[in-house]
Every structure is written in structure tokens, then in C-alpha cells.
Amino acid sequence: MMIARIFRQIWNTATALTLAALVCAVVLVLAIGAAALLGYPPLRVADLWLHGAAGSWYSLSSSCADACPLLLTGLAAGVAFRAGVLNIGAQGQFLMGALVAVALSTRMMIFHQPALVIATALTGGALAGGIWGLIAQYLERYRAVPVVLSTILLNFVALYLVAAALQGPLQAVGTAAAQSPEIAGKYWLPLFVPYTDFHIGIILAFMLSVLLWVVQERTVFGFESHVVGLNPDTAKAMKMPVAWRQFQIMFISGGCAGLGGAIQVLGQVHFMTAHMGDYGYAGIAVALLGRLNPLGIILSAVFFGFLDTGAFRVEESSLALPHDLADVIKAVVILVMLVLAGISLRRSRRAAKSERTTSAETPSA
Amino acid sequence: MNTAPNMITFLSRQTVTAATPMILAGVGELVGELSGVINIGIEGSMLMGCIAAYTVTGVTGHGTAGLLAAMVTGMVMAVIFAAATVWGRADQIVAGTAMDLLGVGLSGMIWMMYQNWRENLGFSTALPHGSGFSPLAIPLLRDIPFVGPAFFEQYLLCYLTICLCVGVWWMLNHTRLGLIIQALGDAPEACHAAGVRVRLGRSMCLLFAGTCAGAAGAYLSIMQTHAFAADMTGGEGFVVLALVIFGRWKLPGLVGGCLFFGLINSLQQTLQTARYTSQNSVLHALTHVPFQFFQMLPYLAAIAALAVMSRNSPGPRYINIPWPSAKT
């Protein structure tokens, strides 16, 4: 019984992964075909792309380092979407997390102890992201503002807030640009392979996604939040604390994104500007490609990390193919996955509703 | 700009200029939402409209060609979105986010390739002289004090937008077509029973919305600024979404909201410069506020407006529910 269940779970995951891999392969072939149509030599593009993403230990490590923030924003979107909380604001939460982490590691270094500073910066970043997310959830619960809209609008508020801080209290000495000073080397996240980009943030993100998988699949909290996402009415009828679960999920989701921002500044870029990349928006694509499953999200984040890093190398080469092509590929992957795999929150909600009506009819029949 | 009447004239004209693209995109979005489809991705359609208008105007030298190209581009984006959501039953919110990502990525990519191409040919990437639109003043009417320049010294597209607003308002409230559109979003099963093809109808509404968003993008790039920059819409598409809710899915409310935001936007821009030159002590004290807080104002105002207005305004019942509802 138990073995059969585990086997079925593995089988389901395997089919989902095959589907995702197929979609990725087809989209990649299409993208290289598009590059060929635009007059770029397709084989050279593919070659540069592969070598840029995984041609050496160093490029492999920078792909993984790029996958790390994507994994965390992907988890942010995945956890929230699974519970029906449409948090599109991972970008703003990511920025707030990065901002607090920079403040804690360049201005307010606790006791100047590297371990303490890193721990407080990461925790502070995660808390900042979580609290930024809670604002949106508060507005939905008590002011009936749709979370979708408030999170998007809060992204822009966060962007300008970060820009103001980086030109004000956090600005580096001797520059007019919106830029923080560089974090001192001893507060960087330690590397676990020297002379590469493999920093311990990658391991942390990996462990967090395994932890979230366990919480989602093996705890009452995970089960209840899934029911809240499938059908809030059922959840309410089953006496589940719907609003409380939504607040918790939003805090976890925002916290993941904020931690992503903190890890990105402490582990990868080591200083902050207002242009930190579109990791928050890309996280939605990562989550969907991973079918909202934390373990699937690891694979899709790694895939997108390779995609991005390779695209930047192709742009830097003599071919100068714009790296925005990677964004286009992501968008197409989301659309194709939405239609093919049917990750429609509403549809599952309706399916749950029809199941409920049939199960209600069965006893009377 | 030193005296108060001049200030009013200036501000009112700036307000209308800033509100026009939002009204244009908002009318389209409103029709789409009334038919039961919410498109989070109009920001992406607007950006694609911007780049299409700019490049086509740059190559052909005709602003009209650019405007048409932007409208066609907006339609193409709408076809993709309709295929995914109306026919493919994808979740509209997530598909809309993908459309936004697509617009940002594709417009950035086209812009970079266009620059390379023009520079290799030895041309400038700026618009040819006189090819963009300039304001079209209507004689006599523009001399009305205060509000004359606001309404009668605007770009061609602004006058068209006013006509479009009146037309759509009349269509929604006084014609059978308007009733059908609202029924598509409120009672699609009734439409189905009456022999109206629900998915086709929704697709048509989305096409209209896409055309409007494309034209709004053209307004930004070849009329208001005569320039293109990556992400030049700067979240305007998202503010429009908030304003549709703010106006409670009614056209006059939407237009009022857009004008209000145009006012806030032009006020904050004026304040940013006026605080340095003004003799007024209150205004002068504002010089200590970082300018980013002024830029933040429209978004904060949008959130505040939603917090005040969105109670008890359910909107079209079938938003984000694909037709046919049950799995077949």
C-alpha cells in the first residue's frame, strides 16, 4: 500500500518532469530557429550558449549562483500559488530583502563578527520580504484590495524606496549614482569550492526547498494551505483558519523572496544598485515550469539559471544576440505550460467543486 | 509659469496629456474585463506598441504608419493572450504576467537589434525630423482661458480618444452589443442560450483591448516623447488595472480616475522642479525630500484609492473563469 503510493508519486513526478523537459526542449529549438531566421548562425549560437552556461567549472558555478535567487523567488511564487494567494510581488519583496541585508552588512554590522553579521543580514532580509508581503495580504483581508494588484503596485513602491535609500543613507562615498558601498570581504557568504561562484547560499536555498516540500506534502499545515488554495469554501466548511493560513503563506512566500535578495547581495554581487535583475518576475515562470512543486522548482530554477547565464555570454560574444531572448523564452514557456499542463488555479477550484457535488450526491443515490 | 493662471493652464494641459494613454488603454481593458477576461499584461502590449510605433516611424518616416503598426502589434499580442486564456483555458492572471514578460523581453530585444542595424547602416536611431506627431491646436477654441490648451491643443490621438470614450460609453449603455458584452462577463450561459458564441465574443473584446493598448504605446513613444527607452511605460499599465477597479467597471469613473492620476503625476513632476525655484517656504522645505518619493506618489495613490474604493464592488462575475465552465 505504502510502496504503491510512493511509486505512484514518483510516476506522477516523472511524467510531469518529462512534459516540462519536452516543453523546454521544443522552446529552445524554436528560439535557436528564431535566431537563425534573424540572421545569426544557429550552430554557433547553440555552441556559445552551452559553453557559456556549462563549459567550465567557473561558468557552471555562475549558472548555479544565478539559479539560486531564481530558486528562492520561484519558491515564493510556488508556495503562494499553491495556496491560492496570487503573490506577483516577489520582485518588491526581493528588493526589500536585499536592501535590509545591505543595510545590516555595511552600516550596522553586529559586533563585527562575520557569522553574526551574515546570520542577521539573511534573517533580516527574509523578515523584510515577509513583512512587505504581509502589507498586501492585510490590504486584501481588511480593505478588499486584490492581492494581485497591490503586490504589483508595491513592487514599484519598493523600487523607488530602494533607489531613495541608495542615494540617501546607504549611498557609497564618492559616487553620485544610486549605489551602496561594497560589502567587506569577511561578510561575504563563504564559498564551498574556492575560486568559483559556489557559495553556501546555494546549499541554503536547496535545503529550504526540500524543507518546504516536506512541509507541503507531509504536514497538516501544508495540507490545509493546499485546501485553502483549491477551494476556500470547503476549507471554511472544514473549520480551517482560512485567513490565518493565507497570512502565514504570504509571510513564507515573501520571506523566500526576501531571503533570495539577501543571498544575492551577500553571496553574488556584494553591493547593491536599484537594478538587481528581474528575478521576482522570472520566479513565476520558474514556479510554473516546476509545477508548483518545490523539488520541481529546483530543476526549473537550474534550467533558467543556465538559460540566463548562457544568454549573457552570447550577448557578450561577437554575435551580440540580445540576452532579452531569454525573457522571451521564459514567457513562451509559461504560456505553453499553462495551456498544456493546465496549471489553472480556477480550474482546479472548479474541479474540486464538481467533485464535492458528486460526493454529496452519492449517499442519497 | 510664474503666475497662478499660467500654472493652472500648464497643469491642466499636462494632466490631459498624461492621462490620455491611460484612458485609451483603460477603455480597452474595461471592455475586456466586462466580457469576463482580465488582462494583467496590457503593460506588455503597450511596450510592444511603443517599440513598433518607434521603429516603423523611424524606418518609413511616417508617424501614421507607426501608429497603425502599433495597433496591429497590440492585436497580435491580444491574439496570443486570447488563444491561451479563452481557447486554451489558461489562468488569466498568470498568462497575463507571461504577456508582460513577453512584452518587456521582446521590446528590449527588438530595440537592441534595431539600434545595431541602424548604426551598421550609418543611420541615426532618432526619429527622422518631423515624422513624429506634434500637438494639433484647434483655432479659436484653444484660446479659451485656463482649459483651452488642455482640451484643444493636444495630439491627434487625444481627440480620437475622447471620441472613442463617448462612443464606447454609448455602445455599452444604449446598444444591444453593449448588453451582450456585459452579459459575456456576467452570465455567459445566458449568452450561450441566446445563440451568442461566448469564446468568439470574448476574443473580439480582447482584440479591441489589444488595439487600444498598442495605440496607447504609440502615444507614449511617437507623440509624447519622440523616444524609446526600455520599460518606458514604467508601470502605467498596472495603474490602469487598478483604475478600472477604482472606477467600479464604469467608464466615467475610469476616465475620472485617469484624470486624477494624470493630475497627481504632473503635480509631482512640477513639484520636483518648482520646489527649487519657489519663494514659498512650504514648497521650499520640500527640497529635502528625495525625488524618488515624488515618483512613488502615483503608485501609493493607486493603492490608497483601491483601499478606499474596492469594497462592495464585485465587478463582472465571470472574471478569470473560462467558458465552458465545466470540464467537458
Side-chain angles (χ1 to χ4, degrees), chain A residues 38 77 81 86 88 135 139 142-146 148-150 152-157 159-165 167-168 178 274 278 281-282 284-285 288 315 320-340 342-347 349-351 354, chain B residues 38 40 43-44 80-81 83-85 87-113 116 230 234-235 238-239 241-242 245 290-296 298-300 302-303 306-308 310-313 320-322 325-327:
Chain A
L38 292 169
F81 287 4
L86 287 175
I88 320 254
I135 300 175
L139 285 170
Y142 296 105
R143 285 267 163 257
V145 181
V148 177
L149 284 178
S150 57
I152 287 179
L153 291 170
L154 281 170
N155 284 348
F156 291 96
V157 176
L159 182 66
Y160 290 119
L161 208 60
V162 163
Q167 279 204 315
D278 281 344
Y281 295 110
I284 298 168
L288 287 175
E315 185 180 87
L321 178 66
H323 74 269
D324 300 88
L325 183 60
D327 279 348
V328 177
I329 295 177
K330 282 176 212 158
V332 176
V333 166
I334 304 184
L335 287 172
V336 174
M337 282 302 285
L338 275 176
V339 174
L340 275 192
I343 312 170
S344 164
L345 307 167
R346 286 286 175 174
R347 187 200 289 182
R349 208 171 276 183
R350 298 205 73 79
S354 66
Chain B
I38 183 167
I40 295 269
E43 174 95 354
I80 300 173
F81 184 69
T85 56
W87 303 89
R89 304 173 62 92
D91 186 83
Q92 290 166 9
I93 302 283
V94 186
T97 321
M99 294 307 291
D100 181 42
L101 198 62
L102 185 68
V104 172
L106 211 51
S107 64
M109 191 175 144
I110 293 172
W111 174 232
M112 208 172 143
M113 287 165 59
N116 286 342
F238 296 123
V239 174
L241 286 166
I245 298 180
F291 70 94
Q292 287 94 348
F293 284 95
F294 289 97
Q295 295 177 319
M296 204 190 290
Y299 305 103
L300 283 179
I303 296 174
L306 281 174
V308 174
S310 66
R311 285 201 147 181
N312 312 321
S313 56
N320 207 2
I321 297 179
S325 309
K327 252 188 193 175

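Basis for what follows: all heavy atoms, side chains included, without hydrogens, waters or symmetry-related copies. Reminder, nothing fancy here: chain letters follow the sequence lines and each chain counts from 1.
Distance check: A:L154 CG to B:L300 CG gives 8.5 Å after rounding to the nearest 0.5 Å. The distance from atom CH2 of B:W111 to atom CG of A:D324, rounded to the nearest 0.5 Å, is 13.0 Å. Between B:I93 atom CD1 and A:L338 atom CG the span is 11.5 Å, to the nearest 0.5 Å. Taking CE of B:M99 as the reference point, atom CD1 of A:I334 lies at 11.0 Å (rounded to 0.5 Å). Separating the CG atom in A:L86 from the CG atom in B:D91 is a distance of 6.5 Å, to the nearest 0.5 Å. Here the straight-line distance linking atom CG of B:L306 with atom CG of A:L149 works out to 6.0 Å at 0.5 Å rounding.
Only the side chain of B:F291 comes within less than 4.5 Å of a heavy atom of chain A; its backbone N, CA, C and O stay farther away. Heavy atoms of A:L325 lying under 4.5 Å from chain B belong to its backbone as well as its side chain.
The minimum heavy-atom distance between A:R143 and B:A307, with the atom names listed, is CD-O, 3.3 Å. In terms of heavy-atom proximity, B:I245 sits nearest to A:P146 at CD1-CG, 3.9 Å. The nearest pair of heavy atoms linking B:Q292 to A:Y160 is CB-O, 3.4 Å. In terms of heavy-atom proximity, B:G235 sits nearest to A:F156 at CA-CZ, 3.3 Å. Nearest heavy-atom pair, B:V239 versus A:L153, reported as atom, atom and distance to 0.1 Å: CG2-CD2, 4.1 Å. Nearest heavy-atom pair, A:A331 versus B:A98, reported as atom, atom and distance to 0.1 Å: CB-O, 3.4 Å.
Between chain B and the options A:G168, A:A77, A:A164, the largest number of non-hydrogen pairs under 4.5 Å is found for A:A164. Your options are A:I329, A:V328, A:I284, A:D327, and the one with the most heavy-atom pairs under 4.5 Å with chain B is A:V328. Across A:L161, A:V332, A:V333, A:D278, the residue that shares the most heavy-atom pairs under 4.5 angstrom with chain B is A:L161.
In summary, of the residues considered (B:L101, B:T85, B:I80, B:V94), a side chain to side chain contact (heavy atoms under 4.5 Å, CB included) with A:L335 occurs for B:I80 alone.
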